[in-house]
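Note that the structure is predicted; figures quoted are calculated from it, not measured.
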Amino acid sequence: PGASYHYCAIASNLGGAAFGEVVSFTAPAAPPIVRNVTAVVEADGSVTLSGAVNPNGSVSRATFRYDSTNLLACSGGLGKPAPFEGIALPSGYEDQPVTHSLKSLAPGTYYYCLFANNPGGDGHSELSTFTVRKVAAGGCASVDGPGLGALGLLALLALVRRRVRS
């Protein structure tokens, strides 16, 4: 992307050779490619957003977009940016990891995506959701996903009973 190329036509036969006019063009930049976007909700209600961006040969900038209102589609102007100033990515063709943590979110469902742009255009992930549950007394939050399960809960209760009796 962005490289200039020069060329001309050349024809020859028994009568000689002819050269066409030298013409040039610049290869257009390609938009970044965004993939592998996830959200991990911690017990304290903080959220770590992560993904990968291939800058596709041009210096790029990436930002997560999130909101408690359904964004309907991922774009650079929707939702809250995280981080606000974006994450600068060097030119190249390898996936660059992108991560950002959100803290102090109110309980509820949030919509999020990863948005990136460069001179070639915009790239973005699909819109996804994560849920932050109300933080319980003692600093533990209820979050979506695998929990203690019935056996783990029984083991925890047995441990608490032992400590109370001692």
- Query: Yes or no on side-chain hydrogen bond (donor to acceptor under 3.5 Å, both in side chains) for Ser24 and Ser4, after CA distance, side-chain angles and deciding distance?
  - Reply: CA-CA 7 Å; Ser24 65; Ser4 294; over 6 Å; no

- Task: Evaluate side-chain contact (heavy atoms from CB on, under 4.5 Å) for Val47 paired with Val132, printing each intermediate quantity in order.
- Result: CA-CA 8 Å; Val47 179; Val132 175; 3.9 Å; yes

- Task: Decide yes or no on side-chain contact (heavy atoms from CB on, under 4.5 Å) for Asp95 and Arg35, but give the supporting numbers first.
- Result: CA-CA 9 Å; Asp95 282 357; Arg35 57 178 137 238; 2.9 Å; yes

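The distance from atom OG1 of Thr99 to atom CD1 of Ile87, rounded to the nearest 0.5 Å, is 7.5 Å. Taken to the nearest 0.5 Å, the OG1 atom of Thr109 stands 12.5 Å off from the CG atom of Asp67. Note that OG of Ser58 is 7.0 Å distant from OH of Tyr93, once rounded to the nearest 0.5 Å. Residue Leu49 holds its CG atom at 8.0 Å from OG1 of Thr38, rounded to the nearest 0.5 Å.
Screening residues 112-127 for side-chain hydrogen bond (donor to acceptor under 3.5 Å, both in side chains) gives Ser60-Asn118 as the qualifying pairs, with residues at least two apart or on separate chains.
Using cut-offs of 30° and 60° for the angle between ring planes, the Tyr66 and Tyr110 rings count as tilted.
Residues Leu78 and Leu71 come closest through the heavy atom pair CD1-O, 3.5 Å. Residue Val53 comes nearest to Ala62 through the heavy atom pair CG2-CB, 4.1 Å, listed as atom of the first residue, atom of the second, then distance. Among all heavy-atom pairs drawn from Ser68 and Tyr111, the shortest one is O-CE1, 3.8 Å. Looking at every heavy atom in both residues, His100 comes nearest to Ala82 through CD2-CB, 3.5 Å. Residues Asn56 and Pro32 come closest through the heavy atom pair CB-CA, 4.3 Å. Considering every non-hydrogen atom in both Pro55 and Glu94, the closest pair reads CD-O, 3.4 Å.
Hydrophobic side-chain contacts under 4.5 Å tie Val40 to no other Ile, Leu, Val, Met, Phe, Trp or Tyr residue.
With sequence neighbours excluded, the residues forming a ring-ring contact (aromatic ring centres under 6.0 Å, His included) with Tyr5 are Phe25, listed by chain and number. Evaluation of the side chain to side chain contact (heavy atoms under 4.5 Å, CB included) rule for Leu72 yields Asn70 as partners, not counting sequence neighbours. Qualifying side chain to side chain contact (heavy atoms under 4.5 Å, CB included) partners for Ser46, counting only residues two or more places apart in sequence or in other chains: Glu42, Asp44, Lys103. In terms of the side chain to side chain contact (heavy atoms under 4.5 Å, CB included) criterion, residue partners of Pro81 (sequence neighbours excluded) are, by chain and number, Thr63, Arg65, Phe84.
No donor-acceptor pair closer than 3.5 Å links the side chain of Asn36 to the backbone N or O of Gly51.
In this structure, the side chains of Phe115 and Val34 stay at 4.5 Å or more apart for every pair of heavy atoms.
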